[in-house]
Engineer: 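Got a structure for you, questions after.
By convention in this document, chain letters (A, B, ...) are assigned in the order of the sequence lines, proteins followed by strands, and residues within each chain are numbered from 1. Computed over heavy atoms, backbone and side chain alike; hydrogens, waters and symmetry mates excluded. This one's a predicted model, so the numbers in the text were calculated from it and none came from an experiment.
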Amino acid sequence: MKTRKVSLVKLSFSVSLLSAAIIAFQLSLIQILSIVQWHHFAYMVISVALFGFGAAGTALSLAKKFFVERAEAILPRLMTLSGLAMALSISIAQTEALRFDSYLLFADYSHLWKLLTTYLLFFIPFFLGALAIGIIFIKYIDKIGVLYFANMFGSGLGGVAAVFLMWIFFPEKLPAVIAAIALAAGVIIVPREQRNVFTFIVTITVAVLAFMYISPARLQLSEYKSLSKSLNLPDSKIILKESSPYGLIDIVSTPYLRYAPGLSIKYPGVVSVENSAFNNGEWIGPLISTKFDLLNYLLFTTENLAFSTDERKDVLILGAGTGRQVNFALLNNAKRIVSVESNKALINLLEDKIADKVDNLFKNKSVITQNISPRTFLLSTNQKFDLISLPTVDSFGGSSGMYSLQEQYLLTTESFNEMLSALNHDGAVCISTYIDYPYRNPLKILATFTEVFEKRKIENPEDYITAIKNWNTITFLIKKDPITSPETDSIRSFCERMNFDPVILSGITNIERERFNKLQDTSLYSMLDKILLSKEEREKLYNEYPFNIKPATDNQPYFSQFLQWKTIPLLADLFGNQSVPFFEIGYFLLYLTLIQVTLLAILLIIIPLFKLGFKGKNPSALNGLSGTSKLRTLAYFGGLGLGYMLIEIILIQRFTLYFGNVIYAAALVVCLMLVSSGFGSLVSQKITPKPYRIILIVSVIVISFIVYALFLSGWLKTTIGFSLMTKIIFSFLLISPPAFFMGMPFPLGLRLLSFSNDSQIPWAWGINGVFSVVSAVLATIIAVELGFVWVMVFAIGAYLIVLASNLRRA
Amino acid sequence: MAVIIFSALFLILNCIPQEDKYTGTREKMVEDQVESRGISNQLTLDAMKKVPRHKFVPPNLLDRAYDDGPLPIGYGQTISQPYIVAYMTAAIDPQPGQKILEIGTGSGYQAAVLAEIIDSVFTIEIVTELYKSSEKRLKELGYKNVLCKNADGYYGWKKYAPFDAIIVTAAAEYIPPPLIEQLKDGGKMIIPVGSPFLNQTLILVEKNGEEITTTSLLPVRFVPFTRGD
């Protein structure tokens, strides 16, 4: 039965809703996978799942006629099925038979099969949704400008909506809510002739979604997550849950979790923790009472070094978490404590619902709370402090390299320099780390501060730095002014009382370093000495040491990324093949993800060529250059997919620091980019596609990127202290104009292709989708290996490839 | 007469432990993974050869029981790599007649190895399910000199203190003061530090009167990870 064409308005609205649902589902999936597994696994699974877009392009290339002829009938069904798959995929993935544990992937290989199944489960909703969008694009190619606008606009709004929805709904319920949006997209375009049949389908679907909402899948965390292990302890239970875009916070009541890093072996009392906070299943910190007798163990830790040398009245706590260090400062009679924490949901809890669990610590008039990223606070403050305190680096028991890909802007040379500038005369920065083996964290921390002092033209940094250790923790104290002789004596006396050993101190001997806590591998001391000795010795150590201990910078802010490829054979030999991934599992996963997405990309690009032809005459080509034209198509649409995503990632990175909040920065950047690009696409509908016009537009884009590369960081730094509204307006002015132009090449290119090689349209669309996914992974690798500046260079390069491909109109 | 001889033979044969099919694998494990890496403490080596490690791993990982690595046992815990178990055992130098406390029974494997050497092993596990399964397993395997408790190991086991040595297998961020108290003068405590699937650093705590010292140990097999020292 022939169905009537759908009106453009309804179609656009439907595309918008479906696009919004797809993006919102993607974000929801990231959230859920970060809770049950770890962020890097979430990233890996989603990268593969997003190949649903590329696969849709491939499917359309192979069966274009079939889909297009039945479009009106198929589209509502595809959208509905996509919604159903969104709601059901999580539940199915969480069943006992299919649930994988990323921690066991390298230890129990049966989990690999479960991982593959998970890929497939999450692939389906993206595939179905993308197929629907692809069919619409192809069938209504003459209206691609309007439809692409709808796609981009919807995607932008979907991202913002997801952030908003995460405040309202718990993660396990969100997929059902989002699925309803996809269902609505399908309902809008149901052909009149099929309304009866579709009413039945909708009813069933609504019933399923309602059930999934009322009785959602229980999220099963990896048994190796801190929360899982804590809940195994007797009498442990979750007493409160709070969901937000920052993650899922669990407050756990347990009488057995005791947290006291750097505690002296001489401490005679009890360490007690009643309650603890977790975010996405990982430990944030203890919720401790402010009563002195329950707190005084803090005075027996290496961190108390800061207070043992001088009075510290004005204290800045960067990354305050649950307030343990705030307690520390109060215990030591600090008068003004600025507590900086970026997790708004955690702050809300500590000030309200669980304020009693911390004895209303954050209502103390000496404590001033700032909800902003610690680094952004440093960039925008003029205040000075006696002490700046950082959270302990790395986690006890080893994080197995889970942080290797986490951007840590607080631990870069620029950040350490800003910290020193924010100190009063005689002020100090205090930072602790667990003593890892092979030694990495302590070396990198010292190297970072030493290079900062070098940049400040201070020739003898050892006069400004001291460090002490116990059996598993080393605490550094870095002063703005040289350490005095009385301070040196205080430090020695403190160590003697507490069974700590000084590690860096004026007049230190190796005997002193090993008095109470011996290291079998004493090379740590000689390496620390080399770092302090001279630039030449330090550079030599960087080159010779098998791990990367060069300081992180804002351009490459990956402090916990220590692995070097050249040392993997050595590590395997020393520690065994099975252990190697756990050194830097995030890093391994990144490359594993790249391999997977590259192989899939090649497959999805090549398969349609079996139908389109690899070379030789393409019946649709008017100039017989079909082989070349395919290469042009690949370069053009691949370059667009690559470049767009690379720029998006750069901008998210830059604006995260600018706004001090990764969630809202990402939402703002993505929304502005997609909506602006959508308007660009809409305007392109009025433009007759000609190669020279595309060249002009892409040239404008390239020039914008060059301007970004040269001036963006400076502009952001200058305006970082402005009000929020001013910064939002400024962001709009910076992002929207280039993004507007960035929305044009894709629809123009598709329309141009429709004049000569319309059989390539689905393939082109698929290429764009595939390269978008690959570029997201590539961006991280480039950033880790070379720095964000090079991500920008690659983005410019991608658009230059688009220019060079120079799609022709026959 | 023949009946007596045959009965005696029967009795003798039943007293000799039958070889399980993993005996050869176990001996190879000790040879390749433990002895070749420098562990020479004979009591430890003998104990490792006796204890059927495959009885302490989940059934689906039976084939990997004697692999050179840790294995998951549920509840976020692992059974340690054989080498680590041997190293920790040798480090505290257990002798017949001693009393040793273990914090974190887990699968019970470490307790079983110790039980082959010393008189009394006291082992505490806080996770009830693990406590129940390991206690049952140890009983079934005939380890009568192992006493298990389901409790918070932070407080040690005062009733049976002091101990000649203490093994803490659960990763601890600090050394609980009660454990220091319950360690005999001249006693040793050993604690592994690190991620469960990564080779761990071992910390040896020694008590000599009022003086408590710690030493961060490396398994001898691994050369110090240094360059240009």
Engineer: Step by step, would you call A/Trp471 with B/Leu204 a side chain to side chain contact (heavy atoms under 4.5 Å, CB included)?
Structural biologist: CA-CA 9 Å; A/Trp471 61 288; B/Leu204 181 70; over 6 Å; no
Engineer: For A/Asn517, which atoms come within 4.5 Å of any heavy atom of chain B: side chain, backbone, both, or neither?
Structural biologist: both
Engineer: I need the A/Phe516 CZ to B/Thr215 OG1 distance, nearest 0.5 Å.
Structural biologist: 13.0 Å
Engineer: Tell me, side chain or backbone of B/Asn60 under 4.5 Å from chain A's heavy atoms, or both, or neither?
Structural biologist: side chain
Engineer: Determine the option with the most heavy-atom pairs under 4.5 angstrom with chain A, choosing from B/Thr213, B/Thr128, B/Asn150, B/Asp67.
Structural biologist: B/Thr213
Engineer: Yes or no on side chain to side chain contact (heavy atoms under 4.5 Å, CB included) for B/Thr214 and A/Ile265, after CA distance, side-chain angles and deciding distance?
Structural biologist: CA-CA 9 Å; B/Thr214 72; A/Ile265 218 156; 3.9 Å; yes
Engineer: Surrounding NZ of B/Lys149 (heavy atoms of other residues, nucleotides or ligands, distance under 6.0 Å), is the total greater than 12?
Structural biologist: yes
Engineer: Which atoms form the tightest heavy-atom contact between A/Gly269 and B/Pro177, and what is the distance?
Structural biologist: O-CG, 3.5 Å
Engineer: Does B/Gly76 offer a backbone N or O that forms a donor-acceptor pair with the side chain of A/Glu223 under 3.5 Å?
Structural biologist: yes
Engineer: Distance check, rounded to the nearest 0.5 Å: A/Arg515 atom CZ versus B/Glu211 atom CD?
Structural biologist: 6.0 Å
Engineer: Taking the side chain from A/Tyr267 and the backbone from B/Pro176, do they hold a donor-acceptor pair closer than 3.5 Å?
Structural biologist: no
Engineer: Using a 3.5 Å distance criterion without hydrogens, assess whether the side chain of A/Asn232 forms a donor-acceptor pair with backbone atoms of B/Tyr75.
Structural biologist: yes
Engineer: Between B/Ile212 and chain A, which part of the residue has a heavy atom less than 4.5 Å away: side chain, backbone, both or neither?
Structural biologist: both
Engineer: Can you tell me how far the CG atom of A/Asn470 sits from the CD1 atom of B/Ile203, to the nearest 0.5 Å?
Structural biologist: 9.0 Å
